[in-house]
Enquirer: 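Sharing a structure, written as structure tokens. Questions coming.
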Amino acid sequence: MSHLTPGERDEVRIQLLEAVAAFKANRVIAIAVDSERAYRLPSVNTPEDLYWLAHKQLTERFQYHLQDQSREVGETIRGVVVVDHRSSSQDARLRASHAALVFRDNEYATRYENLIEGLFIAPSHLSVGIQYADLVAGAIFRHLFAQDDRFYNVIAGSIRRSPRGETQGWGIVHWPKKEGR
């Protein structure tokens with residue numbers, strides 16, 4: 001898009017986001033990480049810890065969404081988790097951690113019964129889906145941290161919501177949670 005003016009690039013972004021919003025079944029789930037607060041937690045010591053715990057939050061919400069959809073339609077709805085490639089060693093650690101998360105048997109933890117297989121990792125330049133996820137993440141980032149709602153407003157109706165219509169904790173998860181949230 002480097003050949004386009006800033007206004008033309010924004011118009012392309014809006015058109016792409018409108019495509020996301022056009023399908024009722026599309027639901028957006030995003031984790032907004034406060035890294036400064038996260039690094040104060042005893043479980044977060046490295047960027048890998050931070051990435052992993054955000055990944056866990058996201059996959060839990062995705063599993064809950066699939067469960068909700070399954071109840072709504074009366075049959076099991078399955079989904080796939082696809083992430084952007086990083087380095088080979090980071091990808092290998094994420095694959096192993098994801099498998100341990102999904103296939104663990106713990107009565108106090110989320111059961112990932114609706115996820116298909118393991119984790120699929122692809123370079124973003126080879127995945128339209130990951131490029132769309134980046135676009136949506138950018139819209140949410142601008143909404144939350146730059147007071148720019150131009151792109152967010154296009155997808156706002158696609159954000160996963162509670163039965164009462166709340167996005168907090170359902171479609172947009174602030175992590176770690178602030179007191180009172």
Side-chain angles (χ1 to χ4, degrees), residues 12-33 51-86 91 94-144 149-177 181:
V12 169
R13 286 183 185 101
I14 288 170
Q15 290 172 5
L16 291 169
L17 291 168
E18 285 172 343
V20 170
F23 295 94
K24 184 182 176 196
N26 285 344
R27 286 293 164 253
V28 171
I29 303 170
I31 309 301
V33 177
Y51 186 90
W52 165 247
L53 291 166
H55 174 85
K56 182 178 180 290
Q57 293 290 318
L58 188 64
T59 57
E60 285 175 346
R61 292 328 184 280
F62 183 47
Q63 171 61 31
Y64 301 155
H65 171 67
L66 295 171
Q67 289 171 333
D68 292 346
Q69 293 300 299
S70 296
R71 280 191 291 278
E72 189 174 312
V73 300
E75 61 183 67
T76 302
I77 302 294
R78 302 208 181 271
V80 176
V81 176
V82 180
V83 299
D84 197 355
H85 162 73
R86 297 182 303 149
D91 290 351
L94 182 60
R95 253 191 210 96
S97 297
H98 182 82
L101 177 72
V102 171
F103 298 112
R104 72 181 172 198
D105 190 22
N106 180 336
E107 67 180 291
Y108 300 109
T110 300
R111 295 180 190 263
Y112 292 87
E113 297 169 345
N114 297 72
L115 294 186
I116 297 172
E117 294 187 14
L119 186 64
F120 290 89
I121 300 176
S124 61
H125 69 281
L126 298 177
S127 171
V128 172
I130 292 174
Q131 291 177 21
Y132 256 108
D134 287 344
L135 181 66
V136 169
I140 292 170
F141 174 84
R142 286 174 180 227
H143 166 70
L144 294 174
D149 289 339
R150 292 174 297 160
F151 306 112
Y152 175 84
N153 289 338
V154 177
I155 58 165
S158 297
I159 296 173
R160 180 175 179 255
R161 296 176 184 277
S162 73
R164 294 188 312 219
E166 299 162 336
T167 60
Q168 177 56 43
W170 290 72
I172 298 179
V173 177
H174 293 268
W175 186 83
K177 285 196 294 190
R181 280 197 180 177

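All values derive from a computational prediction rather than experimental measurement. Residue numbers count from 1 along this sequence.
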Enquirer: Treating D91 as the side-chain partner and R86 as the backbone partner, does any N or O pair qualify as donor plus acceptor under 3.5 Å?
Expert: yes
Enquirer: Ignoring hydrogens and geometry beyond distance, is a side-chain donor-acceptor pair present between R61 and Q57 at under 3.5 Å?
Expert: yes
Enquirer: Measuring from atom CD1 of I121 to atom OG of S127, what distance do you get when rounded to the nearest 0.5 angstrom?
Expert: 12.0 Å
Enquirer: Start with the C-alpha gap between V33 and L53, add the side-chain angles, then the distance that decides, and say whether side-chain contact (heavy atoms from CB on, under 4.5 Å) holds.
Expert: CA-CA 10 Å; V33 177; L53 291 166; over 6 Å; no
Enquirer: Checking V81 against L115 for the side-chain contact (heavy atoms from CB on, under 4.5 Å) test, could you report, in this order, the C-alpha distance in whole Å, the side-chain angles of both residues, the deciding distance, and whether it holds?
Expert: CA-CA 7 Å; V81 176; L115 294 186; 4.0 Å; yes
Enquirer: For the backbone of F120 and the side chain of R95, can you confirm whether one donor and one acceptor N or O come within less than 3.5 Å of each other?
Expert: no
Enquirer: Counting only heavy atoms not in F103, do more than 12 fall under 6.0 Å of its CZ?
Expert: yes
Enquirer: Can you list everything that forms a side-chain hydrogen bond (donor to acceptor under 3.5 Å, both in side chains) with R142? Sequence neighbours excluded, please.
Expert: D148
Enquirer: If you compare all heavy atoms of L144 against all heavy atoms of A32, which two are closest, and at what distance to 0.1 Å?
Expert: CD1-CB, 3.6 Å
Enquirer: Spell out, as yes or no, whether a donor-acceptor pair under 3.5 Å connects the side chain of N26 to the backbone of V20.
Expert: yes
Enquirer: Less than 4.5 Å apart, side chain to side chain, heavy atoms only: is that true for I140 and V28?
Expert: yes
Enquirer: So, taking the atom named CZ in R111 and the one named CD in Q67, what distance separates them when rounded to the nearest 0.5 Å?
Expert: 10.5 Å
Enquirer: Could you tell me the separation between the CD atom of Q69 and the CD1 atom of I77, rounded to the nearest 0.5 Å?
Expert: 7.0 Å
Enquirer: When you compare the side chain of Y152 with that of V136, does any pair of heavy atoms fall below 4.5 Å?
Expert: no
Enquirer: Give a yes/no verdict on a cation-pi contact between R160 and F62, requiring under 6.0 Å between NZ or CZ and the six-membered ring centre and an angle within 45° of the axis.
Expert: no
Enquirer: Would you name the heavy atoms of Y64 and T110 that are closest together and state the gap between them?
Expert: OH-OG1, 2.9 Å
Enquirer: Just verifying a value: how many Å separate I29 CD1 and Q63 CD, rounded to the nearest 0.5 Å?
Expert: 10.5 Å
Enquirer: Quick check: closest heavy atoms across P163 and W170, and the distance to 0.1 Å?
Expert: CD-CH2, 3.6 Å
Enquirer: Applying side-chain contact (heavy atoms from CB on, under 4.5 Å), run through L66 and R78 and close with a yes or a no.
Expert: CA-CA 6 Å; L66 295 171; R78 302 208 181 271; 5.9 Å; no
Enquirer: Quick one: list whatever passes ring pair (Phe, Tyr, Trp, His ring centres under 6.0 Å) with W52, sequence neighbours left out.
Expert: H55
Enquirer: Determine whether a donor-acceptor pair (N or O, by modelled atom type, separation under 3.5 Å) exists between the side chain of R13 and the backbone of L135.
Expert: no
Enquirer: Just checking, any donor-acceptor pair under 3.5 angstrom between side chains of N114 and S70?
Expert: yes
Enquirer: What pair of heavy atoms forms the shortest contact from A21 to S158, and how long is it?
Expert: CA-OG, 3.4 Å
Enquirer: Distance-only, no hydrogens or angles: does the Q131 side chain make a donor-acceptor pair with backbone N or O of S124 under 3.5 Å?
Expert: yes
Enquirer: Quick check: closest heavy atoms across R104 and A109, and the distance to 0.1 Å?
Expert: NH2-CB, 3.0 Å
Enquirer: With sequence neighbours excluded, what pairs up with F151 under the ring pair (Phe, Tyr, Trp, His ring centres under 6.0 Å) test?
Expert: none
Enquirer: Under 3.5 Å, is there a donor-acceptor pair between the side chain of T167 and the main chain of G171?
Expert: no
Enquirer: Of all heavy-atom pairs between I155 and A139, which one has the smallest distance, and what is that distance?
Expert: CD1-CB, 4.1 Å
Enquirer: If we ignore hydrogens and angles and just use 3.5 Å, is the side chain of R164 paired with the main-chain N or O of R161 as donor and acceptor?
Expert: no
Enquirer: Give, for atom CD1 of I172 and atom CD of E166, the distance between the pair rounded to the nearest 0.5 Å.
Expert: 12.5 Å
